[in-house]
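Working notes, structure below.
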Amino acid sequence: MGIVTTDNLVYEYVRHDENGDRVGVKRAIDGVSIDVEKGQFIAVLGHNGSGKSTFAKQLNALLAPTEGTVIVCGMDTRDDEQIWEIRKSAGMVFQNPDNQIIATIVEDDVAFGPENLGVETGEMKRRVEESLKAVGMYEHRKDSPNHLSGGQKQRVAVAGILAMKPECIILDEPTAMLDPNGRKEVLRTIRRLNREEGITVIHITHYMSEVTEADVIFVMNHGKVAMQGTPKQIFSQVEKLQELGLDAPQATILAHKLRQGGIPLPEGILSVEGFTEAYRALPEAYRVRNPYESIPEHVEESVTELNNEAPLLELRDVTYTYSPNTAYEKKALDSVSLQIRQGEFVCLIGHTGSGKSTLIQLLNGLEKPTSGLVLYRGQNINEKGYDRRALRSKVGLVFQYPEHQLFESTVLRDVCFGPKNQGLSEEEQKERAKGALKLVGVGEELWNDSPLALSGGQKRRVAIAGVLAMHPEVLILDEPTAGLDPQGRDEILTEIARIRREAGITVVLVSHSMEDVAGYANWVHVMDGGNLLYAGKPAVVFSHMEELRKVGLDVPQVTAIMRGIFGPKKRPAMDFITIDDAVKALSIEQ
């Protein structure tokens, strides 16, 4: 028997009415049997609602089986007397770090677990220091978690579990809010613990590139195991994964598309390095000349190339300082000036803590700058007498954590809340709410459910619908695709892009997914340490690959692939940033 074993595991959520009577049952896990050997790195993939998070909660006894058994380190999760030993042996990192951060100082929070395990003081301090350094948060050890960004909190949560040195670590979307560099740091740490210390890892994620080095991948679909195998076996089945609402690494998809076009690349390519090596090994007849040579040496980078109109939103020399004149004083923005024009799809990127979330909260008056001006249609939104409440109907904001803005008893009532505050009739409220819910892919079967009972991805869709129902002029989204499966991510962003085109709505997207930025944005602002580092078209911004990596960001995988193959001596003014770009550039029929 392995370190984690499930035998015909079934779990059902039971819904009761206000009288306590049972009115509905939803089977979230349906007959799952798996065996995880000690020291394995296991990945669990699946679309939103497939049962992944419910499965994770079974593994450290947060939930007990409806039917079947779960055995962790030889202990049955249905045995109440073993629960704390199970949770000591199988540490869990949740999707939302606020669910597991309790202390007022970062290092105290990380020490909480080891302290409760009775770890000796000197060893406890060593573990805290090692864990915080491993996730890049050691310099924040004296900070309050309340002053950290969402991504920084997630690193602290991971550090808290690492400090406990469990036999098994269960990670439920732990990197969803991290910047690319932070994601790499956490994964490097987890892999090192897995390989060098033999800690078993069960990693649940929607980032396909995070699991290419797993020992075994389980793909869940509607509560069942739909696929099982090594990364090469799983990702070689691109069409089947897409049918299940999933995806594959860009390197895998690019190789797949080129094979369909007659280029004999091998199956099972999973990484930039793997693709580069395979492409260079092709016969010369299948390799193209350097496509960078056809890119102009100079590309106009001024914002006026996109739109000559006056800005819809503007920051003028804005500085924002948290907790001024206290021990916690921190400058989040430093003399930032930028413009956002009507109808644009603008992406805001930057490392965790770079000031992105602070900046967007200034755009609709949730925060006021310490100095500088925030303008909407040329008017200072912070001047005396300005109606900021009305502004928030025009400049809608979807927060990083959707559960922070969901509170009504049903999904439909929650989405009606904004239109209700706009003074619309009940009929108009419902019409707008239903239209918005359909738009984001929330089916009628969920409209009467509590929004708090939904999966993380479903909550995010409902939160977006709640803002869309108000018919805003500007839609600001703070990491809207975190927690969504690949199909859901693409559906949401495609619909938002369509709304933007057809209704002239302006979109401001904060994202850590460089692939999403490349696929949808027409202008990118890059933040670094509270400053505006770059602004330009995506293809121009991503041409600064080395500089972006230095500030904790990255480029789309296809961009790294093209650089890896051709390695231009002189950086071009533009780069290849989407799979379609790369397919066209590498096609032998061009």
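Note that these values count all heavy atoms, side chains included, but never hydrogens, waters or copies made by symmetry.
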Would you say the side-chain atoms of [X] pair up with the backbone N or O of [Y], donor to acceptor, closer than 3.5 Å?
{"X": "Glu491", "Y": "Val440", "value": "no"}
{"X": "Thr321", "Y": "Pro324", "value": "no"}
{"X": "Glu329", "Y": "Asn325", "value": "yes"}
{"X": "Glu495", "Y": "Ile492", "value": "no"}
{"X": "Thr494", "Y": "Asp490", "value": "yes"}
{"X": "Asp414", "Y": "Leu406", "value": "no"}
{"X": "Arg377", "Y": "Leu313", "value": "no"}
{"X": "Glu473", "Y": "Thr506", "value": "no"}
{"X": "Arg392", "Y": "Gly365", "value": "yes"}
{"X": "Ser337", "Y": "Asp317", "value": "yes"}

Can you tell if the side chain of [X] reaches within under 4.5 Å of the side chain of [Y], non-hydrogen atoms only?
{"X": "Leu375", "Y": "Pro311", "result": "no"}
{"X": "Pro480", "Y": "Val398", "result": "no"}
{"X": "Phe345", "Y": "Leu475", "result": "no"}

What pairs with [X] under ring pair (Phe, Tyr, Trp, His ring centres under 6.0 Å), at least two apart in sequence or on another chain?
{"X": "Tyr534", "value": "His544"}
{"X": "His47", "value": "His222"}
{"X": "Phe94", "value": "none"}
{"X": "Phe576", "value": "Tyr292"}

Least distance between heavy atoms, [X] atom then [Y] atom:
{"X": "Pro419", "Y": "Ala469", "answer": "CG-O, 3.5 Å"}
{"X": "Leu254", "Y": "Ala582", "answer": "CD1-CB, 3.8 Å"}
{"X": "Val524", "Y": "Pro538", "answer": "CG2-CG, 3.8 Å"}
{"X": "Ala251", "Y": "Ser271", "answer": "CB-O, 3.5 Å"}
{"X": "Ile105", "Y": "Arg141", "answer": "CG2-O, 3.3 Å"}
{"X": "Leu553", "Y": "Gly350", "answer": "CD2-C, 3.4 Å"}

Polar side chain donor-acceptor pair, [X] to [Y], under 3.5 angstrom:
{"X": "Arg460", "Y": "Gln458", "result": "no"}
{"X": "Glu515", "Y": "Tyr520", "result": "no"}
{"X": "Glu210", "Y": "Thr205", "result": "yes"}

My understanding is that only residues two or more places apart in sequence, or in another chain, count here; which of them pass side chain to side chain donor-acceptor pair (under 3.5 Å) with Arg549? Asp554

Residues which pass side chain to side chain donor-acceptor pair (under 3.5 Å) with Gln379, listed by chain and number, not counting sequence neighbours: Glu383

Show your working on side chain to side chain contact (heavy atoms under 4.5 Å, CB included) between Ser323 and His147 and close with a plain yes or no. CA-CA 9 Å; Ser323 304; His147 294 125; 3.6 Å; yes

Output every pair passing side-chain hydrogen bond (donor to acceptor under 3.5 Å, both in side chains) with a member in residues 437-450, not counting sequence neighbours, ordered by first then second residue. none

Return each pair, listed once, that meets side-chain hydrogen bond (donor to acceptor under 3.5 Å, both in side chains) where at least one residue sits in residues 357-367; pairs must be two or more places apart or across chains. Tyr320-Glu367, Tyr322-Thr358, Ser357-Asp478

Verdict with reasoning, His512 to Thr352, per side chain to side chain contact (heavy atoms under 4.5 Å, CB included): CA-CA 9 Å; His512 284 143; Thr352 302; 4.1 Å; yes

How would you list, by chain and number, every residue that makes a side-chain contact (heavy atoms from CB on, under 4.5 Å) with Leu533, sequence neighbours excluded? Val526, Asp528, Val551

According to side-chain contact (heavy atoms from CB on, under 4.5 Å), who are the partners of Ala157, at least two apart in sequence or on a separate chain? Pro97, Gln100, Gln154

Which residues share a salt bridge (Lys or Arg N to Asp or Glu O under 4.0 Å) with Lys368, sequence neighbours left out: none

Could you work out, with salt bridge (Lys or Arg N to Asp or Glu O under 4.0 Å) as the rule, every residue matching Arg413, not counting sequence neighbours? Glu408

Salt bridge flag under 4.0 Å for residues [X] and [Y]:
{"X": "Arg489", "Y": "Asp247", "answer": "yes"}
{"X": "Lys52", "Y": "Asp172", "answer": "no"}
{"X": "Asp575", "Y": "Arg563", "answer": "yes"}
{"X": "Lys356", "Y": "Glu479", "answer": "no"}
{"X": "Arg316", "Y": "Glu314", "answer": "yes"}
{"X": "Arg432", "Y": "Glu428", "answer": "no"}
{"X": "Glu502", "Y": "Arg498", "answer": "yes"}

Gap between atom [atom2] of [Y] and atom [atom1] of [X] - 0.5 Å precision:
{"X": "Met562", "Y": "Asp581", "atom1": "CE", "atom2": "CG", "answer": "8.5 Å"}
{"X": "Lys537", "Y": "Asn522", "atom1": "NZ", "atom2": "CG", "answer": "9.0 Å"}
{"X": "Thr212", "Y": "Tyr207", "atom1": "OG1", "atom2": "OH", "answer": "15.0 Å"}
{"X": "Gln557", "Y": "Ser209", "atom1": "CD", "atom2": "OG", "answer": "6.0 Å"}
{"X": "Ile505", "Y": "Ile496", "atom1": "CD1", "atom2": "CD1", "answer": "8.5 Å"}
{"X": "Leu348", "Y": "Leu477", "atom1": "CG", "atom2": "CG", "answer": "12.0 Å"}

So for atom [atom1], which belongs to [X], do other residues, nucleotides or ligands contribute more than 12 heavy atoms lying within a distance under 6.0 Å?
{"X": "Glu431", "atom1": "CD", "answer": "no"}
{"X": "Lys184", "atom1": "NZ", "answer": "yes"}
{"X": "Glu139", "atom1": "CD", "answer": "yes"}

Stepwise side chain to side chain contact (heavy atoms under 4.5 Å, CB included) test for Lys394 and Val474: CA-CA 6 Å; Lys394 298 175 183 176; Val474 181; over 6 Å; no

Determine whether Glu426 and Lys430 satisfy the following criterion, salt bridge (Lys or Arg N to Asp or Glu O under 4.0 Å), listing intermediate values before the conclusion. CA-CA 6 Å; Glu426 186 174 344; Lys430 289 183 177 179; 3.6 Å; yes

